[in-house]
Amino acid sequence: MKFTRRTFLKASAATGALAATSGLIDQKVWAQGQQAASVEMKPSLCNGCSSHCGMWVYLKNGRLWKVAGHTDHPRSRGKLCARAHGAATWLYDPNRITRPLKREGDKFKPVSWEQALDEIAVKLKEILAKDGPGAIFYGHNPRETGVFYGTRFMHALGAPTICTHNASCNTTLNTGWGATVGTTPGSDVGGAKYIIFIGRNFGEGIRTSQVTSLTRAMEKGTKVVCIDPRHNATANLASEWIPIRPGTDLALVLAMANVIISEELYDMAFVEQHTIGFDEFRAAVQSYTPEWAEPITDIPAATIYRLARELASHKPNCFIDPSWKGAFGTNYKNSSQTCRAVACLNALLGNMGTPGGLTFYEGPKFGKLDPAKHPEPPKPTLPRADGAGVKGEWPLATSQGLPHYLAQKAKEGKVKAGFIRHHNPVRNFPDPEHMMTGYKGLELLVVFETHLTETAMAATHILPEPSFLEREEVVEGLAGKKPAACLRPQVVAKIHPETRSFDEIIVALAHKLGIGQYFQFSLEELNRARLAPLGITLEELRQKGTFIGEEVPVPEVPEFKTPSGKVEFYVAKFAENGHSPVPVWEAPLVSPDPGNPRSFRLIHGKQGYHSHTATANIPYLLQITKDHDAERLWLNASRAAALGIKDGDLVLVKSALASGKVRVKVTERLHPDAAYLPSGYGSFSPYLPNARGFGLNQNDFTPYMMEPLNGHAMMMEVIVEVQKA
Amino acid sequence: MERTDRARASIYNLLAELLMPPTAENWEELTSPGTAEWLQSELAELGCNLPLPAMVGGEQLDLAAAGDAYYHSLAHPLGQSALPIESIYKPWTTDPSCELSIASEKGYLGGDASAHLADIYKALDLAIPPEYSHAPDHLGLELSLMALLVENGSREQQSLFLSQHLDWLPDLLEAADARGIHSLYRDLLVFARDFIAWDRVNLAE
Amino acid sequence: MTKQFGFLMDTSLCVECQACRVACQMQNQLPHNRTLIRFRFQETGSYPAVTNHITRITCMHCQLAPCVKICPTGALVKGENTLTYLAPERCSGCGYCAQICPFKVPQALDNRSYKCMACRELVEEGKEPVCVSTCIANALKFGERAELLKSAEKRVAALQKTFPNAQIYGREQMGGLGMLLILRDDPAVYGLPVAPRAAGELAFWKDSLQPTGFKLVGAALLATGASYAIASRNHRRELSEE
Ligand code: SF4
Ligand code: SF4
Ligand code: SF4
C-alpha cells in the first residue's frame with residue numbers, strides 16, 4: 001500500500017462472512033428477502049400543514065412505506081389530504097439541512113454543534129449584558145413543542161417577546177372574537193341547517209374532517225352560502241355563491257344585523273340574558289340598511305334582506321363561520337371590526353353552544369411537571385419589543401405579536417437577536433425587502449429548520465432539526481366534546497446524524513447560558529407528567545397516537561371569558577384606546593381606481609394541495625400546479641376582455657413595490673375588482689430548487705403596513721396594475 | 001492474492017480516499033507526485049491505460065481549498081452540489097408493495113441501494129463512520145467495499161457489485177455537469193467512471 | 001352471475017383537492033409526473049351566475065370495453081366484478097387502448113399504458129379503491145353498481161331543484177359504465193360524449209378480434225393490422241425471455 005488510508009469500513013470477520021453468505025452481495029436475492037418482510041404501523045401526526053392530522057405510518061424493514069389517515073383523530077378521521085403524502089417525502093429529501101450552518105456574507109458554512117452553540121451563547125450573553133432581554137425575540141408557528149420549550153427558554157432569559165405567524169394570518173380573530181365572546185369558537189357543521197361562509201374556504205384551506213362533515217351535512221340538505229369575491233372550491237359545492245367587492249364584508253354584516261334587529265328576527269331572550277351593549281349596537285347599525293350596503297358591497301339589497309331572513313329563520317342551528325384568514329383575517333384595515341361584527345351577528349342568532357351553532361369546547365386537562373423539583377421561570381415583566389399589549393404602542397395587539405414590526409425595530413437597532421422556528425416571516429409577510437433587511441440586520445438570528453427557507457437565508461446560524469417523523473414531540477391536546485391527547489412519537493431512526501430536535505437544542509443552549517436549572521427534565525418526563533391525569537400512559541399513547549378522553553359536560557350557555565362574563569356587543573377597551581366600541585362601517589384603506597381599466601385589488605388564497613410556500617418544493621405537489629397551470633393570476637372575464645387579455649396570456653403585474661410576470665386564468669368566477677393570486681408560490685431561496693422562481697407571491701407587491709387597531713399586516717390592502725406583457 | 005488484484009484493490013482504495021472529504025491525515029500524500037508515479041505503474045501493471053486524474057500529482061490544491069472544493073462539489077446538502085450517493089440516482093425501491101409516492105422516483109435518500117449496503121455492512125460486521133449513517137451508499141464507502149471484495153470476495157461478487165451498485169457514475173457526472181462542480185473533482189469522477197468501466201470488462205474476461 | 005361493481009362520483013361535491021390523485025400515485029408507485037387521475041374543469045354561465053363543472057378523467061370501466069377487445073397482449077382484462085384491470089407487466093406499450101378509448105383515458109408513455117388499475121388487490125380483499133377511501137369530500141363511492149345507481153337517483157332528484165339538467169351519466173353508455181357520474185348539467189358541458197363509441201382508425205376492425213386471443217383475420221387489417229401483429233409478437237418474445 002502506497003498511501004495512508006483512513007479505512008472507512010472497519011472490517012473484522014469479512015473474509016469468512018463473504019464466503020458464507022453467498023447471496024448477500026446480490027441485490028436481487030437481497031430484495032426478495034426484503035419483500036418477504038412484514039409491514040408495521042406506527043402512529044404520527046402529519047406536518048403537511050399546522051393541523052397535525054393523525055396518521056398511520058407504515059414501515060417495512062425500517063423504511064417509510066406508506067401513510068394513511070388515523071380514524072380516531074378528530075382532525076383527520078381516517079382521511080389525509082394531498083399535502084400529507086407529499087410531506088412524508090421530506091424524510092428522504094436530499095435538500096434538507098443536515099449540519100449546523102453559519103452565514104458568512106451570503107454563504108453558508110457548515111460548523112460543528114459545539115461551535116454553533118458556543119457562538120450563539122457568547123453573542124446572546126453579550127446582547128443580554130448590553131441591551132437586556134427586551135432586545136430578544138422568539139418567533140414560531142405555535143405547536144406544542146415550540147410553545148413549551150420556546151416559552152420556557154424565553155421566560156428563563158426574562159425575555160417577553162414571543163411572536164407567532166398569526167399577524168399574517170388570523171390574529172384579527174383573537175381580537176374580534178376574543179373581545180366579543182372571550183375566545184374564537186368552533187362551529188358544529190354537522191348539526192347546522194344553514195351555514196354562511198364569509199371568505200372561509202373549507203375546500204382549499206383544508207382540515208380534512210371539516211370537509212368530510214360539510215359534504216355529509218350537504219347531502220342531508222344543509223344549505224351552504226359562500227360569500228367571497230372568488231368562486232372558490234367550497235363555492236363549487238355550496239348551494240349559493242354570492243360574490244362581494246373585496247374588503248367590504250363589514251358593510252354586508254352590518255346590513256344583515258340591521259335587518260335582523262329591525263325586523264326583530266333575533267333571539268331576544270339570549271340577547272337579554274347573556275349580552276351587554278345591545279342598545280349601542282342597535283343604534284350603531286340603524287343606518288346600515290341593505291340599500292346603503294348595496295353600492296358598497298356590490299350585492300343587491302334584496303339579496304341581503306333574503307340572506308338575513310334565511311339565516312335568522314334557522315336560528316339557533318345556523319352560523320356565520322368563525323373563519324380563518326379568509327375575509328377577516330389579517331387582510332384589511334377593517335378586518336378586526338369585521339370579525340367583531342360577525343361575532344355580534346352570531347350572538348343575535350343565540351347560537352352560542354347550540355347544536356348546529358358555535359362550539360366552545362376545551363382541550364384536555366394536562367398535568368404539569370412537579371413545581372417543587374422543576375420550578376417555572378417567572379413571567380417576564382418587561383414590555384414586549386413589538387409593542388403588543390404595550391400602552392402607547394399596540395395596546396390592542398394580541399400576544400401573538402407583530403413580527404413585521406420587529407423587522408422595523410431591528411432596523412432601528414432596538415431589537416438585536418431573534419430565534420425563529422418552523423416559521424418563514426421573510427417570505428410570508430408583505431414586503432420581503434423590509435423583512436429581509438430587518439431580520440438580516442440582527443446581530444444574532446438563530447433559525448431552527450429542516451429546509452433553507454427565505455428566513456433562514458437571513459440567519460446568522462441555522463440549526464438543523466430532524467423531520468417530523470424522526471423526533472418525538474411534546475404531547476398535544478385537541479379541544480372537543482371529548483378532548484383528545486395526541487402524540488407524534490419518533491417512528492423512524494434519524495436519517496441525518498447531525499440533526500437535533502428543538503427540545504434537545506434548547507436544553508443544550510440553556511445550559512450554556514446559565515439557565516440550565518429550568519431544564520432538568522427529559523422530554524419523556526415532561527410527557528409523562530402531562531399525561532398523568534388523563535388515564536393513559538406514554539407507552540400506550542406511543543402505540544395509539546390518539547387518545548380520546550371522556551365526554552366533558554358543557555354548560556348550556558358557555559362561560560364567556562370577557563370582562564363582563566357576557567357576550568359584549570360593546571367593548572369598553574376599544575373605546576379606551578380610541579377605537580369604536582361597537583362595529584361601525586370603515587372603508588378599506590385603498591381601492592382600485594375606477595377610472596383605470598388596469599387597476600385591481602390583489603387578493604390571494606390557498607389551494608388545497610399547498611400549505612403556503614412550505615410545500616411548493618415537493619415535486620408531487622408542485623406537479624399538480626404545473627399540470628393545471630394553477631399558479632396563474634385570475635382575472636374577471638369582462639375586465640380581461642377590456643384589456644385585450646386572453647386566457648393563458650402572460651401579463652405584467654405592477655405595484656409601487658414590485659412588478660412580475662405571470663400567466664392569466666380568465667374566468668367568470670371572480671369579482672371584477674379583484675385579481676387573485678394563489679398564495680403558495682414565488683419562493684426565492686436558492687436552496688429550494690424546485691420552488692424557486694416558480695410563480696408570483698402576493699407579498700412582493702404589498703407594502704409593510706400595520707392595521708391601526710391591532711397592528712396586523714393588512715395583506716390585501718394593495719392595488720396593482722395589470723397589463724399584457 | 002494476485003499482484004493484479006492487489007493493484008485493483010489499491011486503486012479502489014485510493015479513489016475512496018479521494019472521494020471522501022479531504023483531511024490533514026493524508027491529503028498531501030494522496031495528491032503527491034509519488035502517488036501519481038505509483039498509480040501510473042499500477043495502471044500499467046493492469047494494462048489499463050487511462051490518463052491520470054489531474055488531482056493526483058498534477059495541479060495542487062492546498063487542504064483548505066480542497067475542503068472547500070469538495071464541500072461545494074460533492075457535499076453541500078441543499079441542492080447545490082452533486083451528492084455522490086447511489087440512492088439519489090436510482091428509483092427508490094423495486095418492491096411493488098410500497099405505497100409511498102416516491103417509490104419509483106429518483107432523487108431521494110434511503111433507497112434500496114442504501115438499505116442493501118447497510119445490510120451488507122451489518123452482515124460483514126463492518127462499522128461505517130457515524131456521519132454516513134444517512135448514506136451507506138455513499139460513493140466513497142462503495143469504493144471501499146469494492147476494494148474489500150477484491151481482497152476477500154469472489155470475482156462473481158465483484159462483478160455483481162459493479163453492475164448492481166457502482167453503475168451510476170454516468171448519472172452522477174450528469175448531475176455534476178448540471179451544477180458545475182470543481183474541475184479537479186469532475187476529472188476525478190471521470191477517472192473513477194472509466195476505471196470502473198474498464199474493470200467490468202476486465203472481470204468479464 | 002357475478003355482481004357488477006363500480007364507482008360513483010358525485011361531481012357536485014368535489015373540491016378539487018387532488019388527494020385522490022396523490023393517493024393513487026402512491027398506491028401505484030407512480031413518479032410525480034405520471035398520474036392516473038386527471039381533471040377537467042368547465043365554467044358555465046357568466047358572472048355572477050356561474051357554475052364550475054368538475055369531472056375526473058379516469059377509466060370509465062365500460063361494460064363493453066373496446067380497450068379490452070383490442071389489447072393484443074391481454075394486459076387489459078375484465079375482472080369478474082366487471083372492472084377493467086390493467087397488468088402493466090404484460091403491456092407492450094403499443095398504445096391501441098389509448099387510440100380506441102372513447103374517453104381518451106389511457107396514456108401510452110414509457111412503453112406502457114397508464115390507466116386506472118381499479119386497485120385490484122384492495123378490491124379483491126373486499127376493500128375500497130384508494131381514491132374512494134381517500135376522498136375527503138365523500139364525492140366518490142364504490143360498491144355494487146345497482147346500489148350506486150339507486151343512491152345516485154336520490155341525489156340527482158335533490159340536485160334537480162337547483163340544477164334542472166342534473167343527471168346520471170353512464171347508465172347506458174358503452175353497455176353501462178362502471179364509473180357512474182352525477183352531473184349538474186348535460187354531459188357535453190363536461191366534455192363527455194352522449195353516445196360514446198370506440199374511437200380512431202382501429203375501431204372499425206375491432207369486432208373481428210377475440211378479447212384475449214391473437215386471431216387476426218381477414219384483409220381488413222391492412223397497415224394497422226400489420227403493426228398490430230408486430231406489437232404482439234414483440235411482446236410475446238419479451239415475455240418468453242424472462
Ligand atoms: S389537513 Fe392535510 S396537510 Fe394538514 S395535517 Fe391534515 S392531512 Fe396533513
Ligand atoms: S374508459 Fe377507456 S380504458 Fe376504461 S374501460 Fe372504457 S375503453 Fe377501456
Ligand atoms: S379526493 Fe375527492 S374531493 Fe378531492 S379531488 Fe378527489 S374526488 Fe375531488
Side-chain angles (χ1 to χ4, degrees), chain A residues 66-69 76-86 88-89 201-204 206-212 214-216 218-219 221 231-237 239-243 298-299 607-609 618-624 626-628 636-638 667-672, chain C residues 10-27 29-35 37-55 57 127-128 130-141 151-152 154-155 158-159 161-163 182 184:
Chain A
K66 169 186 172 153
V67 294
S76 60
R77 297 230 176 278
K79 308 259 186 189
L80 296 177
C81 76
R83 296 170 294 174
H85 302 300
T89 66
N201 175 7
F202 275 21
E204 287 171 292
I206 293 177
R207 183 169 279 172
T208 56
S209 64
Q210 283 185 331
V211 186
T212 316
L214 180 67
T215 51
R216 284 242 161 83
M218 294 198 62
E219 282 179 311
H231 184 279
N232 60 42
T234 313
N236 276 343
L237 49 87
S239 324
E240 195 176 353
W241 171 54
I242 299 175
D298 214 9
I299 301 176
Q607 292 167 320
Y609 39 91
I618 299 174
Y620 278 83
L621 302 181
L622 188 62
Q623 190 66 37
I624 298 175
K626 290 182 175 168
D627 286 355
H628 296 96
N636 171 284
S638 54
T667 180
E668 301 287 350
R669 296 168 60 198
L670 187 67
H671 189 279
Chain C
D10 185 342
T11 66
S12 75
L13 292 182
C14 174
V15 293
E16 31 178 312
C17 72
Q18 309 277 350
C20 54
R21 161 180 161 141
V22 183
C24 168
Q25 286 177 313
M26 296 193 42
Q27 179 74 24
Q29 300 197 330
L30 300 177
H32 68 276
N33 54 1
R34 295 282 178 267
T35 173
I37 299 178
R38 289 172 291 147
F39 286 81
R40 197 183 288 132
F41 305 106
Q42 182 61 49
E43 291 176 9
T44 55
S46 55
Y47 177 88
V50 54
T51 307
N52 184 31
H53 302 279
I54 303 172
T55 188
I57 308 172
K127 294 183 183 147
E128 290 180 333
V130 79
C131 64
V132 177
S133 60
T134 296
C135 178
I136 65 171
N138 308 310
L140 295 167
K141 296 188 172 65
S151 84
K154 271 201 359 225
R155 176 73 182 149
L159 278 172
K161 285 181 208 144
T162 344
F163 301 97
I182 294 174
R184 284 190 283 199

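These figures come from a predicted structure and were not determined experimentally. Chain A is the first sequence line, chain B the second, and so forth, proteins listed ahead of strands; every chain is numbered from 1.
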Quiz prompt | Side chain A:N236, main chain C:V15, donor-acceptor under 3.5 Å | solution =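 No: the side chain of A:N236 does not pair with the backbone of C:V15.
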
Quiz item: Any donor and acceptor pair, going by atom type alone, linking the side chain of A:K79 with main-chain N or O of C:S133 inside 3.5 Å?
Solution: yes

Part of [X] lying under 4.5 Å from any heavy atom of chain C:
X: A:D627; value: side chain
X: A:R77; value: neither
X: A:L214; value: neither
X: A:I206; value: side chain
X: A:N636; value: side chain

Quiz prompt | Contact check, side chains of A:Y609 and C:C17, non-hydrogen atoms, under 4.5 Å | solution = no

Quick one: [atom1] on [X] to [atom2] on [Y], what's the gap to the nearest 0.5 Å?
X: C:Q18; Y: A:Y620; atom1: CD; atom2: OH; answer: 14.5 Å
X: C:T134; Y: A:H85; atom1: OG1; atom2: NE2; answer: 5.0 Å
X: A:Q607; Y: C:E16; atom1: CD; atom2: CD; answer: 9.0 Å
X: A:H628; Y: C:R40; atom1: NE2; atom2: CZ; answer: 11.5 Å
X: A:E219; Y: C:L13; atom1: CD; atom2: CG; answer: 5.0 Å
X: C:Y47; Y: A:T667; atom1: OH; atom2: OG1; answer: 11.0 Å

Exercise. Show your working on side chain to side chain contact (heavy atoms under 4.5 Å, CB included) between A:Q623 and C:Q25 and close with a plain yes or no.
Key: CA-CA 12 Å; A:Q623 190 66 37; C:Q25 286 177 313; 5.8 Å; no

Tell me which of these, [options], has more heavy-atom pairs under 4.5 Å with chain C than the rest.
options: A:E204, A:R216, A:M218; answer: A:R216
options: A:A233, A:A84, A:S76; answer: A:A233
options: A:T215, A:I618, A:T208, A:L80; answer: A:T215

Self-check item: Partners passing side chain to side chain contact (heavy atoms under 4.5 Å, CB included) against C:C135 (at least two apart in sequence or in another chain)
Solution: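 For C:C135 the side chain to side chain contact (heavy atoms under 4.5 Å, CB included) partners, ignoring immediate neighbours, are C:A137, C:A139, C:L140.
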
Side chain, backbone, both or neither: which part of [X] has a non-hydrogen atom closer than 4.5 Å to chain A?
X: C:A158; answer: neither
X: C:R38; answer: neither
X: C:L30; answer: backbone

Quiz prompt | Heavy-atom pair count under 4.5 Å with chain A, highest-scoring of C:C14, C:S12, C:S46 | solution = C:S46

Quiz item: Of the listed residues (C:V22, C:N52, C:T162, C:V50), which shares the most heavy-atom pairs with chain A below a 4.5 Å separation?
Solution: C:N52

